[in-house]
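Here's the structure we're looking at; comments come further down.
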Amino acid sequence: MRVIRKATYEEASKACAELIASQIRLKPDCKVGLATGSTPVGTYKALVDFYKEGSLDFSRVVTANLDEYRGLGGDHDQSYRYFMNTNLFDHVNIDKKNTFVPDGLEADAVKACTDYDAILKSLGHLDIQLLGIGGDGHIGFNEPADAFCVNTQCIDLEKQTIEDNARLFFNGKIDEVPTQAYTMGIGYIMKSTTVILMATGAGKKDIVEKAFTGPVTPSVPASILQLHPNVVVIGDEAAISEKVVAAAD
Ligand code: F6R
């Protein structure tokens with residue numbers, strides 16, 4: 001595990017964007033796994049800046065997102081497809097046909113998951129996967145459970161996740177937060193050649209420490225990343241404790 005600890009959110013975002021940009025420059029047709037939420041907004045902004053400066057080309061990049069709310073279509077301003085379009089895809093030269101997000105409007109949950117797994121299988125493994133971490137340790141929307149879920153699944157969101165999402169999104173209206181989501185499974189996340197987990201803010205400090213210095217357990221889904229051979233934890237000083245820095249290889 002590598003740990004990159006920066007003083008501020010902006011610096012951590014820039015460092016995260018640099019890692020993703022380096023991967024794209026090294027392999028212009030690389031496959032990149034993307035996350036939504038408040039954490040990666042600064043990273044996407046920095047990637048857009050690189051593109052506008054002319055130092056980054058997305059024309060051959062393929063992306064796969066971690067998750068989507070069940071019941072929301074891409075036109076809904078709280079859907080993750082909409083988030084990706086407005087924060088990144090609309091501002092760079094990516095071909096949207098090469099950007100994949102689970103289909104939130106597929107009501108048949110089994111079909112939605114099998115369809116997304118078929119897409120992921122056709123992509124093969126990802127070169128780099130960006131993750132955030134939930135307050136309960138979730139990655140994607142793989143919530144704490146009795147076992148690590150390998151494939152795409154339809155998940156009932158935990159109360160804490162719904163509250164966190166209402167606070168940051170949905171204009172605080174908890175009743176409007178969907179209660180279920182489709183999420184890439186942990187098996188596929190673990191197949192990515194490189195995994196970046198980004199965490200910022202004091203609210204993430206305890207869970208990051210638990211995930212990277214505690215036992216590997218499905219009750220803290222992010223803890224499985226301790227077993228990944230090439231994981232980078234990036235964050236600000238508020239989120240990354242000395243104990244996590246000391247746990248780095
Ligand atoms: C979003 C996702 C989630 C978030 C996590 C942290 O695609 O997969 O795991 O990364 O909930 O969210 P923020 O960044 O809003 O704290």
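All values reported here derive from a predicted model rather than from experimental measurement. Ligands are counted one by one from 1 in listed order, and the atoms in each one are counted from 1 as well.
- No chain of hydrophobic side-chain contacts below 4.5 Å, direct or via other Ile, Leu, Val, Met, Phe, Trp or Tyr residues, connects Ile155 to Ile186.
- Pairs of residues two or more places apart, or lying in two chains, that qualify as ring pair (Phe, Tyr, Trp, His ring centres under 6.0 Å) and include a residue from residues 160-216 are Tyr69-Phe170.
- By the criterion of side-chain heavy atoms lying less than 4.5 angstrom apart, applied directly or through intervening Ile, Leu, Val, Met, Phe, Trp or Tyr residues, Met198 is grouped together with Ile20 in one hydrophobic cluster.
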After noting the C-alpha distance and the side-chain angles of Thr152 and Asp117, does the key distance pass the side-chain hydrogen bond (donor to acceptor under 3.5 Å, both in side chains) rule? CA-CA 6 Å; Thr152 301; Asp117 275 336; 2.7 Å; yes

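- Ile94 and Tyr80 sit in two unconnected hydrophobic clusters of ILVMFWY residues. Membership requires side-chain heavy atoms under 4.5 Å apart, directly or through other members.
- Protein residues having at least one heavy atom under 4.0 Å from any atom of ligand 1 are Ala35, Thr36, Gly37, Ser38, Thr39, Leu66, Asp67, Gly132, Ile133, Gly134, His138, Gly140, Leu168, Lys204, listed by chain and number.
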Thr161 and Glu143: side-chain hydrogen bond (donor to acceptor under 3.5 Å, both in side chains), yes or no, with the steps? CA-CA 9 Å; Thr161 304; Glu143 297 280 26; 2.6 Å; yes

